[in-house]
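Along the sequence shown, the residues carry numbers beginning at 1. These figures come from a predicted structure and were not determined experimentally. Atoms within a ligand are numbered from 1 in the order they appear, just like the ligands themselves.
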Amino acid sequence: MPLEVLADDIVLADGGTAAAKEPSALTLVWRMVAPDKWLLAAAVVATVSSSLVSLLIPPSVGGLLASLKAGASFSTLWGGVAKLAGVVVFQASLSAGYIALLSSFSQRLVQRLRTALFDALMAKDMGAYDATRGGEFSALLSADVEAVRAAVKHCVSIGVRAVVVLVGGCVSLALISPQMTGILFCALPVSVWAGSIFARHLRGISGAAAARTASSLALADEYMANIRTVRAFGAEAAALELFASDTREATGLAASLGRRIGIFHGFTSLGLYGMVLGVISYGAGLVANGSLAPEAIVTFMLQASRMQSAFASLSILSGQAVKGIDAASRIDAVLSATPAIPLAAPHLAQPDIVGNVSFQHVSFRYPSRPQRKVLRDVSFDVPRGSVVALVGPSGSGKTTLAWLLMRLYDPEAGQVVVDGVPLTHLDPATLRSSMAIVSQEPDLFAGSIAFNIAFGRPDASRAEIAAAARVAAAADFIEAFPDGYDTLVGERGVQLSGGQKQRIAIARALLRDPAILILDEATSALDAESEAAVQGALEILMRDRTTIVIAHRLSTIKNADNIVVIADGELVAQGSHTELLADPDSLYAALVAAQLH
Ligand SMILES: Nc1ncnc2c1ncn2[C@@H]1O[C@H](COP(=O)(O)OP(=O)(O)OP(=O)(O)O)[C@@H](O)[C@H]1O
């Protein structure tokens, strides 16, 4: 292995040490590896065989040189060359075999890890998502899975080979010249110790450079993801300045790292060649006094250089292994956490939900913001088939009530009850299958319009999808697209207008045929004409269903059976539109008045 590669890799092989003591990370790795243990065993056998065979190469070269020196005949020489070629070809085939086996093994490991992680991430509590910085979970799926793959793969490909080469090499060196081997082994630990101290210093700088680079990339990601706002506010130049300053710092650190790596190389070369010269000089003495054949020095140096490479690769590997264990312990933390609210609990009640909803003395704080009480002792009923509107100033807690009804969170006090059963006694999957939500900014997923409409009922037929779209007043614009229902909406629905997205979300809710419907200002993105069409669709959708409307525009909820007024997390009034307006000093009257002006 060239020294340059060695130095760079030592530096990049960064990682902590605490996680190295994490046995559960190793258990996780084994759990993920176990299903392919025979594939792994085959890869290890091929790797060991390839390494063992490679140990035969230097003695064969030595033998050939000895024959040359002894003036062997042409046919003897050819015999030696043919033997050497045979060994080389055999070793190459074994190498090809172990690389193919290992690559297939590591790809299957990646697939298993990613699937298990995604499964666990999909089941994670909302509180965990609230408390996690954007991108952290996807980094687990990409960078951390990759780090585990690289560590496991290299432990076999590099680690096993290096150990075989080192052990076999020691035996072989001792057989060639025990004295020279002794000298070599006196010098080696000192140079390894000095190298590792310098490498640790380099790792510190490398970590700082990597952190700067990561922060500049995160900044670029953020600006590109929000390019419309950047363009609208003319923030491109400011963005460039921020990016350039981060990049400049990263470049400065990288340049300083480069200089130090250069010095490291210089000293490593000096040390290494010093050792080589020392051993050769000593060997020359042995040759002079006749106790060693001259060609044995060549064989010895060939073997020693192979061992030096193996040694270097082990030190790279140790960095990678620590990095892999670090990553595995982060993955393990996600995999081993049991969500407080499971996705499904078949042992709990699974009734046919008809939609009688009751909030009983509900108080709540978001786990990620425990210092702020978002709801205080809120109680109200939503009888089956009725329409209840939640109104109140922004941030008063209306949407939070909807999340609690879907059991995305549990209240800290009080309870939410559906059909007389507290949500904690209901199977969450049964509960959620009885609901649909149409929100202010509906989430659409990369895929076709048909896929998005059938999101809550993937088994729906094309006819059912089209029927839902018709009722939601979405069929006309969908059918106007050249690909109709197969039109791809682009990631997060960016190729559709806000109103079009909302009508798709209404069709999605219609197709689910829920007992309980949550409308979070569902018509907010529509123009007057579309709103009239969608209002009709919504009335059909709301028929015979329990509906909770979170309304900002009060004109849309005048006809609700009950209007619940929430202010700063408390229920301050409830009643019909007329009843609430009867008190001209009420918050509701003030909200209505504010919207009229
Ligand atoms: N995921 C969250 N984590 C922490 N705090 C949150 C979270 N979601 C909302 N909040 C906070 O909870 C409070 C109530 O928010 P909520 O979204 O329920 O209000 P809202 O009445 O629906 O507001 P709006 O009318 O603006 O939609 C706000 O103070 C908000 O900042």
**OP:** For Val374, take its heavy atoms, then give the atoms of ligand 1 lying under 4.0 Å from any of them.
**Re:** 12 (O), 13 (C), 14 (C)
Original post:
What residue and heavy atom of the protein are closest to atom 14 (C) of ligand 1, and at what distance?
Top reply: Gly395 O, 3.4 Å
**OP:** Indicate whether the side chain of Asp427 and that of Thr430 have a donor and an acceptor atom separated by less than 3.5 Å.
**Re:** yes
Original post:
Looking at atom 9 (C) of ligand 1, what's its closest protein heavy atom, distance included?
Top reply: Tyr366 CE1, 3.5 Å
**OP:** Would you tell me whether Asp486 and Ser448 have side-chain atoms, one donor and one acceptor, within less than 3.5 Å of each other?
**Re:** no
**OP:** Check whether the ring centres of Phe451 and Phe445 lie less than 6.0 Å apart, and answer yes or no.
**Re:** no
**OP:** Using a cut-off of 6.0 Å, state whether more than 12 heavy atoms not belonging to Asp476 lie near its atom CG.
**Re:** no
Subject >> Separation of Ser245 OG from Arg248 CZ (nearest 0.5 Å) >> reply: 5.5 Å
Subject >> Centroid separation Phe137 to Tyr129 less than 6.0 Å >> reply: yes
Original post:
Which ligand 1 atoms are under 4.0 Å away from a heavy-atom of Ser368?
Top reply: 3 (N), 4 (C)
**OP:** Could you tell me which atoms of ligand 1, counted from 1 in the order shown, lie closer than 4.0 angstrom to a heavy atom of Thr400?
**Re:** 14 (C), 15 (O), 16 (P), 18 (O)
**OP:** Check if Gly397 has a non-hydrogen atom at a distance under 4.0 Å from any atom of ligand 1.
**Re:** yes
Original post:
What protein heavy atom sits nearest atom 26 (O) of ligand 1, and how far away is it?
Top reply: Ser394 OG, 2.6 Å
Subject >> Within-shell test, Arg372 vs ligand 1, heavy atom, strictly < 4.0 Å >> reply: yes
Subject >> The one among Ile566, Thr399, Asp568 that brings a heavy atom closest to atom 17 (O) of ligand 1 >> reply: Thr399
Original post:
Is there a donor-acceptor contact under 3.5 Å linking the side chains of Asp130 and Tyr409?
Top reply: yes
Original post:
Where is the nearest protein heavy atom to atom 11 (C) of ligand 1: which residue, which atom, and how far?
Top reply: Arg369 NH1, 3.4 Å
